[in-house]
Amino acid sequence: MTIKYIDQIDIKGKRVILRVDFNVPYDDNMNITDDTRITATAPTIEYCLKNNARLILISHLGRPKGKFVPEMSLKPVAKRLSEILKREIKFLDTPLGDDLNKQVLDLKEGEIALLENIRFYPGEEKNDDDLGKKIASLGEVYIDDAFAAAHRGHSSNDAVTRHIAACGAGFLLKDEIEYFNRAMKNPERPVCAIIGGAKVSTKLDALRNILVKVDSILIGGGMAFTFLKAKGLGIGKSLLEEDLVDTAAQIMKEAELKKVNLLLPIDIEVANEFNNESPSRVVPADDIPEDTIGLDIGPETINLFNDVIAKSRTVIWNGPMGAFEMPNFANGTNSIAQKLAESSCLSIVGGGDSVTAVNQAGVSDKISYISTGGGAFLELLEGKTLPGLAALDK
Ligand code: AMP
């Protein structure tokens, strides 16, 4: 793929349409509870300002399904962005069309406008070409920095690129692509993938794709039980995807053929009920009592996994090792996060829950790269071409 980056495009004094992902979480009082995605775009915005560009920011928020939903307005985001950048942000809620184009033409060098939620337009998620054309008519250069939305081909990151000659990626998108490529395309070996989370079904394509790229795969979380079942072990009341037991067996066979060191938990923290207060104990993975649920990896598994991490030069992690939202079952996930932070390897963490786990363990600054994409990161792991990136490949 040949993608131009923002620093390879002339943006001086130009009207730059910047697609960002400001799809941030809110609490019930409409307060933004995590502004990571806003701050992550600051380097690109600052670079545009340094080059006296006139910025038109476009984002989506939530799933308004093509209708105006007041609770999904980007107005509070404009306020937060203004606080972060210490600059005025013009929030333009005029619908796309001549009036908005006039307002945008009035922007002076170094001014920033944020448009209203692009998903209020029914055409956005349909990748409507006319909508893409209207978006393109707002500026002279189009820059995409919305990695977390890159696995969707929508008007504001796909159709728009058909109507504007100068297109490229911002610094956030550049970092996401470059770090991922360093881990999966030309990695320093040995390479280890840690895959966890609830279900095998959502990680199946990723597992199949990484099998040919890595030296070790460490499997934890709820999905490990379908693998343990495939080895003929009893798993009590733990999470199971019965229809995927054969597939899990195939994956293990394939790993053996390819000489990939695929490791499953050897001991498990089990409880009688799926709740934090339920008394728990550690049992061997081949001796899980019938009336218990496996909710975390045990200490021997932590040691086993940590040994592999310590010997790896590149580690990529997606999905928690246990039901880590419950503090009593967060030890496995936290220990892996700690070990990854201690290691000098290239460490890349992606997917909402693993990112939360790394933050919870207080080690995010010791991880080489934390992806801002959940679905987009997983699709990269699956080996898919992301529509948002393909659209920039001119
Ligand atoms: P995912 O979105 O597929 O990465 O899954 C994340 C979810 O998996 C989290 O909400 C965890 O609580 C859950 N999870 C991890 N391990 C287990 C387990 N052993 N049993 C049930 N849920 C789990």
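When a ligand or atom number is given, it counts from 1 through the structure's own listing order. Given the structure is predicted, the values throughout are model-derived calculations rather than measurements. Just the heavy atoms: all of them, side chains too, but no hydrogens, waters or symmetry mates, feed the values below.
Cation-pi geometry between Lys75 and Phe91 is not met at under 6.0 angstrom from the ring centre and within 45 degrees of the axis.
Through direct or indirect side-chain contacts shorter than 4.5 Å among Ile, Leu, Val, Met, Phe, Trp and Tyr, Ile302 is connected to Ile194, Leu218, Leu263, Ile266, Ile297, Leu304, Phe305, Val308, Ile309, Val315, Trp317, Met321, Ile336, Leu340, Val349, Val355, Val358, Val363, Ile367, Ile370. The hydrophobic cluster analysis finds Val212 isolated: no Ile, Leu, Val, Met, Phe, Trp or Tyr side chain comes under 4.5 Å of it, directly or through other members.
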Run through all N or O atoms in ligand 1 and write down each protein N or O closer than 3.5 Å, as a pair with its distance.
| residue | atom | partner | partner atom | Å |
| --- | --- | --- | --- | --- |
| ligand 1 | 3 (O) | Ala198 | N | 3.3 |
| ligand 1 | 4 (O) | Lys203 | NZ | 3.0 |
| ligand 1 | 5 (O) | Ala198 | N | 3.0 |
| ligand 1 | 8 (O) | Ala198 | N | 3.1 |
| ligand 1 | 10 (O) | Glu325 | OE2 | 2.5 |
| ligand 1 | 12 (O) | Glu325 | OE1 | 2.5 |
| ligand 1 | 12 (O) | Glu325 | OE2 | 3.4 |
| ligand 1 | 16 (N) | Gly222 | N | 3.0 |
| ligand 1 | 16 (N) | Gly322 | O | 3.4 |
| ligand 1 | 16 (N) | Ala323 | N | 3.4 |
| ligand 1 | 19 (N) | Gly294 | O | 2.9 |

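With sequence neighbours left out, Asp215 forms a side chain to side chain donor-acceptor pair (under 3.5 Å) with Arg189.
Ring pair Tyr179/Tyr369 is parallel by interplanar angle, where below 30° counts as parallel and above 60° as perpendicular.
A salt bridge links Asp10 with Lys14: at least one charged nitrogen is closer than 4.0 Å to a carboxylate oxygen.
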